[in-house]
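All ligand and atom numbering here is 1-based and tracks the order in the structure. For the numbers below, each heavy atom of this structure counts, side chains included, while hydrogens, waters and symmetry mates do not. Numbers for residues simply follow the sequence, beginning at 1.
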Amino acid sequence: MIDLDRYPREIALRSGVMLVFRPMTRDDVDRLWIFFQQVPPEDKMFFRQDVSRREVVQHWADTLDYGLVLPILALDGVRVVGDATLHRQRTGWKQRVGVVRVQIAPDFRHLGLGTAMVRELRHLGEKSALHHLMAEVIEEQSAAVRAFEKMGFVRAATYRNFVNDQKGGLHNLVVLLYRMSTASDDLHY
Ligand SMILES: CC(C)(COP(=O)(O)OP(=O)(O)OC[C@H]1O[C@@H](n2cnc3c(N)ncnc32)[C@H](O)[C@@H]1OP(=O)(O)O)[C@@H](O)C(=O)NCCC(=O)NCCS
């Protein structure tokens, strides 16, 4: 069980701007949907779901389960400017692996927010005894690959022509891993 008492949490960007981090709630549908409408088409192309449809965001809100998907929002006042999610499995062979996804509003990029949000997910991962965090990024999204590498993630694999965009074009998928300090070298079979 992740301890969410630390929220809402105020953070300062390099520029001095203050933002608030907190988990998404059912009341956030419209502000999150507005946030996704600002995502540039080149980023939207690689989304798993069509986030320009309000009902997609509504469905997330209706089925919120922080134990499986924990969405952390970055808010500038009432505006969502960043969304970072930690995806987990409660049982089975991947229960020690968390998958992270991050999306920052175009006008809030290069300010250290992506780094701060991944750091937040790293903290949550440690608190929930995860051993590894995994990020999957399209190779062309070089800013994302660089951002994760700067935060200690290591390129673990590149799958060639592995995923398709919404127009059917194929792209290389880069898998990056971050090994938590809680990960033990002792293997238990
Ligand atoms: C990738 C992303 C999350 C980075 O967020 P950000 O807030 O701009 O990142 P930061 O400001 O913390 O920058 C972190 C590092 O990434 C690198 N970086 C960021 N933008 C970059 C760019 N356009 N080109 C190259 N490197 C870049 C830099 O090394 C930077 O460190 P520095 O500022 O100390 O030089 C953001 O660009 C984004 O939302 N992209 C679209 C979605 C996406 O690709 N998500 C990742 C897949 S889950």
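By the 6.0 Å contact criterion, NE2 on H123 is enclosed, its count of non-hydrogen atoms from other residues, nucleotides or ligands being greater than 12.
Counting heavy atoms closer than 4.0 Å to ligand 1, residue K150 contributes side-chain atoms (C-beta onward) but none from N, CA, C or O. Contacts between I104 and ligand 1 below 4.0 angstrom, taking non-hydrogen atoms only, involve backbone and side chain alike. Here E140 has no heavy atoms under 4.0 Å from ligand 1, in either its backbone or its side chain. Both the backbone and the side chain of R109 come within 4.0 Å of ligand 1, judged by heavy-atom distances.
Each of V118, V137, L177 was checked for a side chain to side chain contact (heavy atoms under 4.5 Å, CB included) with F153, and the lone residue meeting it is V118. Just one residue in the list R122, H132, M151, M134 forms a side chain to side chain contact (heavy atoms under 4.5 Å, CB included) with Y178, and that residue is R122.
The closest protein non-hydrogen atom to atom 33 (O) of ligand 1 is R14 NH2, 3.4 Å. In this structure, the protein non-hydrogen atom closest to atom 25 (C) of ligand 1 is A143 CA, 4.0 Å. Closest protein heavy atom to atom 7 (O) of ligand 1: G114 N, 2.7 Å. The protein heavy atom nearest to atom 41 (C) of ligand 1 is D43 OD2, 3.4 Å. Shortest contact from atom 8 (O) of ligand 1 to any protein heavy atom: H110 N, 2.8 Å. In this structure, the protein non-hydrogen atom closest to atom 1 (C) of ligand 1 is A144 CA, 3.4 Å. At the top of the distance list for atom 47 (C) of ligand 1, counting protein heavy atoms only, stands V137 CG2, 4.0 Å. Scanning the protein heavy atoms around atom 11 (O) of ligand 1, the nearest turns out to be G112 N, 2.8 Å.
Cluster annotation: V20 is not connected to F35 through the hydrophobic network of ILVMFWY side chains, with a link wherever side-chain heavy atoms come within less than 4.5 Å. Put simply, V39 and L113 are part of the same group of oily side chains (I, L, V, M, F, W, Y) that touch within less than 4.5 Å, one to the next.
A heavy-atom distance below 4.5 Å is not found between the side chains of I138 and D165.
Defined by atom type and a distance below 3.5 Å, a donor-acceptor pair is present between the side-chain atoms of E120 and Y7.
A distance of 11.5 Å separates CG of N161 from CG of L173, quoted to the nearest 0.5 Å. To the nearest 0.5 angstrom, T85 atom OG1 is 10.0 Å from Q103 atom CD. If you take NE2 on H171 and CZ on R160, they are separated by 14.0 Å, rounding to the nearest 0.5 Å. Interatomic distance, CD1 of I72 versus CZ of R9, reported as 10.0 Å (0.5 Å rounding).
Between R146 and ligand 1, at least one pair of N/O atoms sits closer than 3.5 Å.
Between the choices V102, L176, T115, the shortest heavy-atom distance to atom 13 (O) of ligand 1 belongs to T115.
Against a heavy-atom cut-off of under 4.0 Å, L111 is close to the following atoms of ligand 1: 11 (O). Residue Q141 has at least one heavy-atom neighbour below 4.0 Å for each of these atoms of ligand 1: 44 (O). For ligand 1, the atoms lying closer than 4.0 Å to a non-hydrogen atom of Q103 are 39 (O), 41 (C), 42 (C). Every atom of ligand 1 is numbered from 1 in the order shown, and the set under 4.0 Å from a heavy atom of R101 is 48 (S).
Note on ligand 1: A135 sits outside its first shell, no heavy atom being nearer than 4.0 Å.
The minimum heavy-atom distance between V29 and A61, with the atom names listed, is CG2-CB, 3.4 Å.
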